[in-house]
Structures are given as structure tokens and as C-alpha cells.
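In what follows, a structure is listed as C-alpha cells, so that the remarks can point back to it.
A note on names: the letters A, B, ... follow the listed sequences, proteins ahead of strands, and every chain is numbered from 1.
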Number of protein chains: 2
Amino acid sequence: MAARLDELDRKILVELQRDAGQSLDEIARRVGSSKTPVWNRVKKMREGGVIRQQTVLLDAEALGFEACFFVLIRTSEHEAEWQAAFLQALRDRPEVQEAHRLAGDIDYILKVRVRNARAYDAFYQALISEVKVHNVTALLSMEEIKSTVALPL
Amino acid sequence: MAARLDELDRKILVELQRDAGQSLDEIARRVGSSKTPVWNRVKKMREGGVIRQQTVLLDAEALGFEACFFVLIRTSEHEAEWQAAFLQALRDRPEVQEAHRLAGDIDYILKVRVRNARAYDAFYQALISEVKVHNVTALLSMEEIKSTVALPL
DNA sequence: AGTGAAAGAAGACCGCT
DNA sequence: AGCGGTCTTCTTTCACT
């Protein structure tokens, strides 16, 4: 699964992460190459799944999403059927931005972005009515100190 | 700070979040408008800071980032000077993808993406040598169930 | 605030090296 | 795998409604 990329590929990815809107010529100039090789490599990395998606990052607060919670979940259920239902519930809820299954005594962590505390409560009530969880701790973010999707290539 | 956007603006943002690479014509068609108004609105939302950045999402595992930790931090220090140093340390470290200051007895949560467990340890040792923290708990992700940056507009 | 046209830039492809 | 050229498509602007 680990793609073999050379230094030029990595430089291209750094540029795309920084600004996916810039032209091929500009990227080529910055990485010390020219248009065609950059284009061929980008195409290959898209097809190979290294580049997954091109998107925009929005200002959550400006759009009214003023609350962000990290949710720690412990469960006693570990059967396949329960897990499938739980995963599907998370995937279906758009306010869940991240969901990870963990090692250790906490089983799952979620990042949930909602308009306000009331919206979080609605989410929480809906979730626990759908699937049985043993223990839930919600951590409320007071301040987003840093947020990036860029990998440190 | 809350930008006032109409239904068309929101539809455009949904499309841009889904795929920022598509053409204006295609976006216009999907949202039921035409090229110029879409372009004017996108421009305005960029200038107004609603649209922050255009970027690509990469496959972390394909690029060798196989470990992801959520780090819960408690500290006894709450002086301004300590906090400034701590924040700067987090911002300077590229493996820290997210950092939030929390309400409650846990003070901070980090999301740290690294190549392997050893790289996490190196990060951890470097961090605690720079700033004094009272208690650190690392939660290791076994599986990324869901990951999105899209806001549910 | 939306329409239609028009110029300029950038993307996508190809044959050659 | 990179170079240069070409065709095509999109972006960006503007005068009009």
C-alpha cells in the first residue's frame, strides 16, 4: 500500500496541500520542473489514490458551527453486529467529522462539530438511543489552537 | 463574524467541499444557477474568509503515516507565559494536526499524525522537554472509521 | 443581481527525444 | 521520463439587462 514516491512527487504534494488552486506552471516553477512531468505525476497520484480529494476548507465559526466536542466512548459490546451498527450510525451523521477505534480502555473517539451545545445534546441523545454504549465523556473545545489537514512530508 | 449567506451560497459551498476541482459551469448546473453569479459569490466568500483554503486530501497510510494518536494533556501551569510557549510549540510541530484548549479537567487535546510509534515517542519526549505538563495520556488509533473536513451545511 | 459574449489563461493530450 | 507545441476547456471580465 505504501506508494513509492520520489522527491519531486513529495514536493508536488507539499505544493498541492498548501494551495490546490495554483496552476501547473506555478507548481512546476516552485518544485523546479516543468508542466508535463508535474501533470503526469499528479495524474498518477490521483489514480493511485495518494491524492484522494480536492476540497475547500471553510471557516466553521463564520458559518455558525460554534461548538466542537471530542467524545470518548467506552462500550461493553464487542460483537460484530453491534460494531457494524455503531459504525454505520457514525458514518450517517454529518456532524461527526472524525471517528477512530482506539487501543486501550477507551474504545472510540469522535470529533463532533455542531452549531451549539443544544445541537450536541440532540446528537448525543440520538446516538445513545440507536446503539448501546457503556460510558460517554464529552470534551468541549474552548479554542481551536491549530487545525491542519496537511501531512508533514 | 457570522456571515449572512443565502441558500445558493450554501449550495455552492456544499459543491466546493465535495469537489473543488469541478468547473464553474458544472457547479452552476448542479446548484441551478449560471456561471457568473456562482463566480461572483465564490469570489466574495473567498474575500470574506468563509472559504479559507483550497487543498488536497492525501492518503496518510499510503504516504507512510501509519500512526495516529489523540493526546490528552493536563497541566498545573496556567500562566500566560507558559501558555504562549506551549501554543507556539504545538504550532511549530508539523505532526500536530489539531490542538484544542478544552473546558473541564483535561486542559488540551491534540491529534498527532506520525510515521510510527517511535516517531510519536520522539515527539512526546521533545514536547515535555520544552514545556512542563502535569499529565499526558496518549490514545492510539487502531482504525480511522471516518474522516471528513466537510461541514454539514 | 443575472445574462451572454469574448479574451486570455490554464488544462489535457500527443508525438518526439 | 521530460520537452514543446496544440487543441480544448475553463476562468475571468465586461457591457447590457
Side-chain angles (χ1 to χ4, degrees), chain A residues 1-59 61-65 148-153, chain B residues 1-65 148-151 153:
Chain A
M1 192 70 205
R4 68 262 183 283
L5 306 172
D6 62 13
E7 206 42 50
L8 183 54
D9 290 319
R10 277 195 202 85
K11 283 183 184 172
I12 292 169
L13 292 178
V14 168
E15 283 305 316
L16 286 175
Q17 288 193 122
R18 202 177 55 74
D19 178 11
Q22 60 189 322
S23 72
L24 285 173
D25 277 322
E26 207 168 323
I27 295 170
R29 193 178 51 74
R30 286 178 188 274
V31 304
S33 181
S34 58
K35 202 159 67 165
T36 315
V38 171
W39 193 80
N40 285 328
R41 283 154 182 267
V42 170
K43 192 182 174 189
K44 192 164 288 178
M45 290 191 283
R46 268 205 284 252
E47 287 163 356
V50 174
I51 299 173
R52 284 221 148 119
Q53 200 193 350
Q54 187 171 339
T55 190
V56 291
L57 303 182
L58 306 181
D59 184 326
E61 305 219 334
L63 289 159
F65 292 85
T148 180
V149 292
L151 298 174
L153 300 166
Chain B
M1 192 70 205
R4 68 260 183 283
L5 306 171
D6 63 14
E7 207 41 51
L8 183 54
D9 289 319
R10 277 195 201 84
K11 284 183 184 171
I12 293 169
L13 291 179
V14 168
E15 283 305 315
L16 286 176
Q17 287 192 123
R18 202 178 56 74
D19 178 9
Q22 62 190 321
S23 73
L24 284 174
D25 276 324
E26 209 168 323
I27 296 170
R29 193 177 51 74
R30 285 177 189 275
V31 303
S33 181
S34 58
K35 208 158 53 169
T36 314
V38 171
W39 193 81
N40 284 328
R41 284 154 181 270
V42 170
K43 193 181 174 189
K44 193 164 287 178
M45 290 191 284
R46 268 205 284 251
E47 286 163 356
V50 173
I51 299 173
R52 285 220 148 120
Q53 200 193 348
Q54 187 171 340
T55 190
V56 291
L57 303 182
L58 305 180
D59 185 326
E61 304 218 336
L63 289 159
F65 291 85
T148 180
V149 293
L151 298 174
L153 299 167

Open item on the list: I'd like to know if the side chain of Q54(A) reaches the main chain of T55(B), judged simply by a donor and an acceptor atom lying under 3.5 Å from each other, with no hydrogens or angles considered.
Closed with: no
TODO: Starting from P on dC3(D), measure out to CZ on R41(A) and report it in whole angstrom.
DONE: 11 Å
- [ ] Would you kindly say whether Q22(A) and R30(A) are connected by a side-chain donor-acceptor distance under 3.5 Å?
- [x] yes
TODO: Could you tell me whether the side chain of E26(A) reaches within less than 4.5 Å of the side chain of E15(A), counting heavy atoms only?
DONE: no
- [ ] Starting from P on dG2(D), measure out to CG on L8(A) and report it in whole angstrom.
- [x] 7 Å
- [ ] Spell out protein contact along nucleotides 10-17 of chain D as letters: B when the base is contacted, S when just the sugar-phosphate is, - when no protein heavy atom is under 4.0 Å; keep the 5' to 3' order.
- [x] SBBBB---
Task: Where D59(A) and G49(B) come nearest, the two heavy atoms and their spacing - done: CB-O, 3.4 Å
- [ ] Work out which heavy atom in L151(B) is nearest to a heavy atom in Q17(B); give both atom names and the distance.
- [x] N-OE1, 2.8 Å
TODO: In whole angstrom, give the distance that lies between atom CZ of R29(B) and atom P of dT9(D).
DONE: 15 Å
Task: Partner set under salt bridge (Lys or Arg N to Asp or Glu O under 4.0 Å) for R10(A), not counting sequence neighbours - done: E7(A)
- [ ] Assign P37(A) to base, sugar-phosphate, or nothing according to its heavy-atom contacts below 4.0 angstrom with the strands shown.
- [x] sugar-phosphate
- [ ] Respond yes when some side-chain nitrogen or oxygen of S34(B) is under 4.0 Å from OP1 or OP2 of dG2(C), and no when none is.
- [x] no
